[in-house]
2 protein chains.
Amino acid sequence: MTNVSHILRKTGHRLTKQRQQILRALTCRPQSVEEIKSALLSQRIAIDTTTIYRTLDCLVKLGIVAKTRFNEHNAKYELLGKTHHHHLVCTTCSAVKDIPLDDDFLMKKVKKLTNFHVQSHTLEFFGLCKHCQ
Amino acid sequence: MTNVSHILRKTGHRLTKQRQQILRALTCRPQSVEEIKSALLSQRIAIDTTTIYRTLDCLVKLGIVAKTRFNEHNAKYELLGKTHHHHLVCTTCSAVKDIPLDDDFLMKKVKKLTNFHVQSHTLEFFGLCKHCQ
DNA sequence: TGACTTATTGCAACTGATTTGCAATAATTC
DNA sequence: GAATTATTGCAAATCAGTTGCAATAAGTCA
């Protein structure tokens with residue numbers, strides 16, 4: 001967190017109360033803006049939706065947060081941890097599980113096969129979790 | 001196509017003129033609803049946006065079409081061909097390129113590591129295409 | 001500390017994507 | 001060809017996300 005406030009300041013941003021609270025509400029699991037908002041509300045913290053969007057945009061640009069879409073109408077945001085991982089999304093109960101996978105293999109293959117300069121990638125698995133099978 | 005009309009009938013659906021035209025407009029590259037609509041319009045075929053949405057929903061449910069999202073506000077739809085492939089999406093010009101990748105390796109690993117029953121997956125690469133580098 | 005600069009907030013209004021309700025239409029069935 | 005009912009097109013609604021702007025507050029510096 002201290003790290004994050006450093007990055008914010010360095011890039012000419014301000015560490016406001018709202019940003020601190022939004023950062024505290026972020027998890028390493030993907031959450032929608034509405035989920036973040038109600039998580040904050042349950043702690044009696046009311047922050048405008050617009051502010052949450054703008055804060056997340058900012059954090060995504062700074063590489064602190066990742067934005068993902070699971071073929072749903074809304075985007076999800078998750079705190080970028082140290083470890084690169086992927087998601088298992090249950091198509092029935094929408095539960096999300098992380099899974100660490102070594103995908104260097106694929107990245108290298110893409111580099112070999114194309115002249116595309118890869119900056120990032122997403123790898124998501126959809127199916128049934130233990131409970132929903 | 002004949003195959004598709006068979007599937008439609010078998011599942012209690014009707015092969016309308018609109019559906020035939022939408023099917024003809026579909027490609028193996030992901031297109032948005034608006035793109036499909038203007039592709040049809042350029043052939044002087046006017047189909048309501050709602051109808052396109054409903055037709056695509058139907059085709060997705062029948063496994064004929066795949067719906068993807070590339071971290072954009074709108075969804076893209078592509079005809080499911082025989083060959084499983086992935087996408088390279090240019091973050092500058094939005095061009096999409098297909099790439100065949102053997103990911104059995106990853107699928108097997110997921111099966112080993114978890115008790116999740118995988119039904120499908122998405123693997124997308126984002127970066128710069130040849131022209132935008 | 002207190003004044004100053006300017007990034008950030010909250011509200012309202014807006015845009016764009018997608019969905020829903022419903023009456024009119026047209027594909028299949030018999 | 002008539003009957004049944006899935007499908008269409010239109011209008012209106014909803015949902016996610018964005019934009020404009022005046023009021024506020026974080027960081028800066030004397």
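Bear in mind that the values here come from a model prediction, so they are computed numbers and not experimental data. Convention: sequence-line order gives letters A, B, ...; per-chain numbering from 1.
Residues satisfying the ring pair (Phe, Tyr, Trp, His ring centres under 6.0 Å) test with B:Phe116, not counting sequence neighbours, are none. Every residue was checked against the salt bridge (charged side-chain N to carboxylate O under 4.0 Å, His left out) condition with A:Glu34, not counting sequence neighbours, and none meets it. Taking A:Glu72 as the reference, A:Lys76 meet the salt bridge (charged side-chain N to carboxylate O under 4.0 Å, His left out) condition, with sequence neighbours excluded. Shown here are the ring pair (Phe, Tyr, Trp, His ring centres under 6.0 Å) partners of A:His117, two or more places apart in sequence or in another chain: there are none. Every residue two or more places apart in sequence or in another chain was checked for a salt bridge (charged side-chain N to carboxylate O under 4.0 Å, His left out) with A:Asp102, and none qualifies.
For the residue pair A:Thr11 / A:His13, a side-chain donor-acceptor distance below 3.5 Å is found, with atom types taken as modelled.
Of the residues in residues 38-55 of chain B, those with a non-hydrogen atom less than 4.0 angstrom from any atom of DNA chain C are B:Thr50, B:Tyr53, B:Arg54. For the contact set between residues 65-79 of chain B and DNA chain D, defined by any heavy atom under 4.0 Å, the members are B:His73.
In the hydrophobic cluster analysis, where Ile, Leu, Val, Met, Phe, Trp and Tyr join through side-chain heavy atoms closer than 4.5 angstrom, A:Tyr77 is grouped together with A:Leu59.
Atom CG in B:Leu8 sits about 20 Å away from atom P in D:dT5, given to the nearest Å. Remark: P of D:dA6 and CG of B:Leu62 are 15 Å apart, rounded to the nearest angstrom.
Ring pair B:His86/B:His121: centre-to-centre distance below 6.0 Å.
When the options B:Thr51, B:Asp48, B:Thr49 are evaluated for a side chain to side chain donor-acceptor pair (under 3.5 Å) with B:Lys37, the one that passes is B:Thr49.
With a 4.5 Å cut-off between side-chain heavy atoms of Ile, Leu, Val, Met, Phe, Trp and Tyr, the cluster of B:Leu41 takes in none.
The end-to-end axis angle of the helix from C:dT1-D:dA30 to C:dC30-D:dG1, rounded to 10 degrees and based on five pairs per end, is 40°.
In this structure, A:Ala75 and A:Lys67 approach most closely via the heavy-atom pair CB-CE, 3.7 Å. Of all the heavy atoms in B:Gln133 and B:Leu128, the pair that sits closest is NE2-O, 3.2 Å.
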Determine all donor-acceptor pairs shorter than 3.5 Å in which one atom belongs to a side chain in residues 90-99 of chain B; sequence neighbours excluded.
residue: B:Thr91; atom: OG1; partner: A:Gln119; partner atom: OE1; Å: 3.1
residue: B:Thr91; atom: OG1; partner: B:Gly127; partner atom: O; Å: 3.1
residue: B:Asp98; atom: OD1; partner: B:Arg29; partner atom: NH1; Å: 3.4
residue: B:Asp98; atom: OD1; partner: B:His87; partner atom: ND1; Å: 3.3
residue: B:Asp98; atom: OD2; partner: B:Arg29; partner atom: NH1; Å: 3.3

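For the pair A:Leu113/B:Leu101, a side-chain contact is recorded, criterion being any heavy-atom separation below 4.5 Å from C-beta on.
Using a 4.0 Å cutoff to heavy atoms of chain B, the contacted part of DNA chain C runs 5' to 3' from C:dA17 to C:dT28.
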Contacts under 3.5 Å, N or O only, protein and nucleotides 24-27 of chain D:
residue: D:dA26; atom: N3; partner: A:Arg14; partner atom: NH1; Å: 2.9
residue: D:dG27; atom: OP1; partner: A:Arg9; partner atom: NE; Å: 3.1
residue: D:dG27; atom: OP1; partner: A:Leu15; partner atom: N; Å: 3.1

Practice prompt. Check step by step if side-chain contact (heavy atoms from CB on, under 4.5 Å) holds for B:Gln18 and B:Arg54.
Written response: CA-CA 11 Å; B:Gln18 288 90 332; B:Arg54 285 195 273 226; over 6 Å; no

